[in-house]
Amino acid sequence: MQDLNETTVTHLVVGMSPTAAYRLVPLAVSRLMRRRPKLTVRLVEAGKPMLMADLLAGATDMFIAMKNPSEVLPGIVITDLFSDEFVLMVRAGHPLTALSPPLGPKALGGFGWVLPDIGGILRMRFDEWLQREGVPLAGNVISTASISATKALALTSDRIAAGPVHAFERELREGSLARLGGTWSTMQREFSLYRRAQAEDPPIVVLFLSMLRELLREIPSLQPLKSPIGPSS
């Protein structure tokens, strides 16, 4: 990894959570490299604790992951990027699709689930949401951080899948998956870009941020967040 203050950076390491890895970051990197064809990029997909450890150790230049509103990170710049909605989905023809919406929480009882992986902030927030909304959760739960695994399980079983709407846009639009509408409240998540604090943002970081901003205006399911480029308070 090079000093990002150089105007001729040739190598960039970007960390990303599974949600950011699914669409936004790969598209942004592709767009960035059209502007900087001599650039080489390494993409690292991992959970936030590992991404943060790599950033602090200097192994990555930046990463994108879900923001924890209560986190205080001295020496780290946090730039808010987007929010997305976490939704409940089932396969086409699932028994729940035959019921008239909006569904009540009790209607979800008795089905297996595909949920975010155990131990992460997303799973903790989702468990709190389930308890707050009174949604019954059977013991038949598969936990995973994989978007592709969640899709496969939802499409081939009667499990209820929980996932970010933008990662399932195609299946929801084509009808192979159906979004469950209910009396429960929606769950929004916010994602931010994390990098080490410097006196001035390096040109390559500014350019990459502009690529991300462009894409966020083009992906309807991701809601851009306004955030100044500057140190975390």
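Computed from a predicted model, the values in this text were never measured in an experiment.
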| field | Residues that, via side-chain heavy atoms closer than 4.5 angstrom, fall in one hydrophobic cluster with M50 | value | none

| field | Heavy-atom neighbours of Q188 CD exceed 12 at 6.0 Å | value | yes

| field | Intermediate values then yes/no, side chain to side chain donor-acceptor pair (under 3.5 Å), T144 and S146 | value | CA-CA 5 Å; T144 179; S146 168; 4.5 Å; no

| field | side-chain hydrogen bond (donor to acceptor under 3.5 Å, both in side chains) partners of residues 92-106, not counting sequence neighbours, each pair once | value | none

| salt bridge (charged side-chain N to carboxylate O under 4.0 Å, His left out) partners for E214, two or more places apart | R31

| note | Sorted by chain and residue number, the salt bridge (charged side-chain N to carboxylate O under 4.0 Å, His left out) partners of E128 (sequence neighbours excluded) come out as none

| task | Side-chain contact test, heavy atoms from C-beta onward, threshold under 4.5 Å: evaluate it for L103 versus W184 and give yes or no. | result | yes

| Reported NE2-to-CG distance for the pair H166 and L24, which is rounded to 0.5 angstrom | 7.0 Å

| query | Going by an N to O cut-off under 4.0 Å, is there a salt bridge joining R195 and D61? | reply | no

| Does R35 CZ have over 12 foreign heavy atoms under 6.0 Å away? | no

| request: Any salt bridge (Lys or Arg N to Asp or Glu O under 4.0 Å) involving residues 41-57? Give me the pairs, sequence neighbours left out, ordered by first then second residue. | output: K48-E71

Can you list, pair by pair, the side-chain donor-acceptor contacts under 3.5 Å of residues 108-124, counting residues two or more places apart and other chains?
{"residue": "W113", "atom": "NE1", "partner": "F111", "partner atom": "O", "Å": "3.4"}
{"residue": "R123", "atom": "NE", "partner": "D127", "partner atom": "OD1", "Å": "3.1"}
{"residue": "R123", "atom": "NE", "partner": "D127", "partner atom": "OD2", "Å": "3.4"}
{"residue": "R123", "atom": "NH1", "partner": "P116", "partner atom": "O", "Å": "2.8"}
{"residue": "R123", "atom": "NH1", "partner": "S143", "partner atom": "OG", "Å": "2.8"}

